[in-house]
Amino acid sequence: MRTYDIERYLNIRSAYGASFSADGERLSFLMDTTGVPQVWTVDSPGAWPEQRTFYEERVTFASWSPERPELAFGMDNGGNERAQLFRLEPDTGVIENLTEHPDAKHRWGGWSHDGERFAFTSNRRDNAVFDVYVQARDGTGTDAELVHEGDGWLTVGGFSPDDSKLIVQEAYSNFDQDVSVLDLATGELTHLTPHQGTVRFQSPEWGPDGENVYMVTDRGSDTLELVRYELASGEFTTVETGGDHELDGLSIDHDSRRLVYSRNVEGYTELTFGELTAPDRIDALPQPDLPNGVAGGVSFSPDGERAAVTVTASADTANVYVVELATGDAERWTLAATAGIPRDTFVPPELVRYPTFDGRDIPAFFTLPEESPEGETPVIVDIHGGPESQRRPSFSAVKQYFLSRGYAYFEPNVRGSAGYGKAYGHLDDVEKRMDSVADIEAAVEWLHDHPAVDPDKIVAMGGSYGGFMVLAAMTEYPDLWAAGVDIVGIANFVTFLENTGDWRRELREAEYGSLEDDREFLESISPINNVETIRAPLFVLHGENDPRVPVSEAHQLVEEAREHAHVRELIFDDEGHGFTKLENRIEAYSQIADFLDEYVRSAPAADD
């Protein structure tokens, strides 16, 4: 089989995050053709797109005004996540910085229906909390009106149909949120979701009449369901259940009463489009003819007759499709290039389950390379971050690159992962943290029994919280690993919580434990304090500007671990929590490939 270098794979493009223009004639989307995501537009399926922004920094979203030929978009600096909001006139190329507070984060909250205003949350008043702002479309900087002072992690869920109110969501953790309604005339905040314990209230959307708020929640079940909250009565009504699966996303078009919700089925997305013919009745429209994979980012056309959807699959890169809702017919509008690599060389995974220490079965995606000699195939165990995230069957150029080099790929969704219900998501909370690491040991045991796998050539790799899992697996089970790759990972929970962004600390303590109450436990599970047990070579990569897991985590780990094992370190001065610039990604994964070739592929068998 012909092989390609990592630069070719990392030049595979993705197109996503579509938005319809006010006249319905154009789509905007983000694409990384230049090496970082920028704003592009296209006016018909497969037409040549036009690039609209030309920055060296990543653009994080783009949203057309509902009334004018202009776009709002977000962009940070060097991966610092302090996004600023900008207004772009595509026809003239004029760009205006709307926020002008470079030291603050700004979280987009949507346009008003008349296109005169937009809403956002920001921590510009107090770095540790987010407030709600409304700003005129042509205002800048301090022109924003502070309409609600928050005391936590707030986001805006959109304007009501008459633009008089905003949905405000507050997150305490990934498994615990609240939803409120803010009256812009009076400033009154009405709390819709009082509850005890942890309950998810996610994806809140105004109903077409402004009298109801729809959302997905697990308030009455283990999995997320679609519910309606009636503002007048304060009553909840279940509209759709997911059964054993989560309903994890919702979008409603007010004018047409069209809506879409997504069901997460073992990581794959099932989209249901329909029309709200009564407050609790959805008349389903034909099933959209989309590839089987992961879909989201839905944008309705102004007339509600079409919807733009981003779809990606393990063996196909992300592209934007437009669905004709009356028929379900879908057509791909973007042509994200594969850098000349034939699509039929991309390998899809197998969905497997493996037993772990307490009798549970853990779901995972396992992908074997095209050639898998019996007993000789090395494996990369790639562990997701979060921890309340989920490895799903979406495209990964890095994964396909390593598959082409003969590595198998194993992607477990250990306990604590999202997508499998509330109970499963809480199985790794605080004192149960290391149970999820034991699930990684069980994964390696399962791999040892696979006829294709070389049990002496298994690699742990992961980023962010997944980096912690790599380090924990290497310190708790040092004999299982041929090598480890830690990307922007947590080495010490105490110093991580002390040094992470002020706005994130409370959110993260809800999952990991607090510095005040759980410091001793956090010390005990921090890999930095057990680093002397590491035996396998370790590669540590980080971004200097990381606001989530400070680069100090990497430096202290490398200094300690070098006394006990071979350790390599790579720091990017112009990156944050992960690597977005193409040249940096090429360098990072080239070095990772060389590292694994040296310590895994060329390493002698244990009995040699």
Side-chain angles (χ1 to χ4, degrees), residues 174 267 314 349 351-354 356-357 360-367 378-394 396 398-399 402-403 407-420 424-425 427-428 432-448 453 457-478 480-491 493 496 511-512 525-527 530 534 536-542 548-549 553-554 557 577-579 588-589 592 595-596 600:
N174 286 356
S314 290
L351 178 62
V352 302
R353 289 183 175 270
Y354 65 89
T356 190
F357 67 94
R360 299 177 190 276
D361 284 336
I362 304 298
F365 291 102
F366 184 46
T367 316
V379 183
I380 294 173
V381 178
D382 190 356
I383 310 166
H384 70 68
E388 312 97 327
S389 185
Q390 181 186 20
R391 189 53 56 88
R392 304 185 71 170
S394 55
S396 166
V398 169
K399 172 182 172 180
F402 281 112
L403 286 166
Y407 290 88
Y409 232 74
F410 192 86
E411 303 165 278
N413 281 312
V414 298
R415 69 189 64 215
S417 299
Y420 304 95
Y424 192 80
L427 287 175
D428 68 338
K432 297 176 284 188
R433 177 69 43 212
M434 301 309 285
D435 287 353
S436 62
V437 184
D439 290 342
I440 298 297
E441 180 199 24
V444 177
E445 292 175 353
W446 185 89
L447 289 168
H448 282 180
V453 172
K457 295 184 176 181
I458 298 179
V459 178
M461 183 163 73
S464 189
Y465 175 80
F468 156 75
M469 291 289 282
V470 167
L471 298 174
M474 294 182 73
T475 54
E476 293 293 313
Y477 309 104
L480 296 182
W481 308 104
V485 179
D486 161 32
I487 303 171
V488 298
I490 302 168
F493 276 110
F496 158 66
E511 166 71 24
Y512 299 135
I525 65 169
S526 294
N530 302 299
I534 292 179
L538 173 64
F539 195 1
V540 178
L541 302 94
H542 220 102
R548 302 189 187 194
V549 181
E553 291 292 297
L557 170 68
H577 194 62
F579 313 133
Y589 288 104
I592 290 171
F595 174 80
L596 296 184
V600 181

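- Here CD of Glu476 is found 9.5 Å from CD1 of Ile525. Values are rounded to the nearest 0.5 Å.
- Between Ala483 and Val600, the closest heavy-atom pair is CB-CG2, 3.8 Å.
- In this pair, Tyr465 and Phe468 present their aromatic rings tilted. The plane angle is within the 30 to 60° band.
- Note that the CG atom of Asp439 and the CE atom of Met469 stand 7.0 Å from one another [nearest 0.5 Å].
- With sequence neighbours left out, Ser396 forms a side-chain hydrogen bond (donor to acceptor under 3.5 Å, both in side chains) with no residue at all.
- Side-chain contact between Leu557 and Pro527: absent, with no pair of heavy atoms (C-beta onward) separated by less than 4.5 Å.
- Classified by interplanar angle (parallel below 30°, tilted 30° to 60°, perpendicular above 60°), the ring pair Trp446/Phe366 is perpendicular.
- Under the 3.5 Å distance criterion, the side-chain polar atoms of Tyr424 are matched with a main-chain donor or acceptor of Arg415.
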**Prompt:** Going through the checks in order, is the side chain to side chain contact (heavy atoms under 4.5 Å, CB included) test met by Leu596 and Met461?
**Reply:** CA-CA 11 Å; Leu596 296 184; Met461 183 163 73; 5.5 Å; no
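- The shortest non-hydrogen separation linking His384 to Ser417 is NE2-OG, 2.8 Å.
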**Item:** Worked verdict on Val381 versus Ile458 for side chain to side chain contact (heavy atoms under 4.5 Å, CB included)
**Value:** CA-CA 7 Å; Val381 178; Ile458 298 179; 3.8 Å; yes
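- From His577, atom NE2 reaches atom CD1 of Ile487 across 10.5 Å, with rounding to the nearest 0.5 Å.
- Trp481 places a side-chain N or O within donor-acceptor distance of the main-chain N or O of Ala473, the cut-off being under 3.5 Å.
- Summarising the geometry, atom CD1 belonging to Ile362 is positioned 9.0 Å from atom CG belonging to Asn413; distances are rounded to the nearest 0.5 Å.
- In plain terms, the two heavy atoms of Met474 and Leu538 that are nearest each other are SD-CD1, 3.9 Å.
- Between Tyr407 and Phe402, the ring planes are perpendicular. Angles over 60° get that label, and only those under 30° would be called parallel.
- A side-chain N or O of Tyr420 and one of Gln390 form a donor-acceptor pair less than 3.5 Å apart.
- Applying the salt bridge (charged side-chain N to carboxylate O under 4.0 Å, His left out) test to Arg392 and every residue at least two apart in sequence or in another chain returns Asp248.
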**Message:** Pair His448, Val453 - check side chain to side chain contact (heavy atoms under 4.5 Å, CB included), show working.
**Reply:** CA-CA 7 Å; His448 282 180; Val453 172; 5.6 Å; no
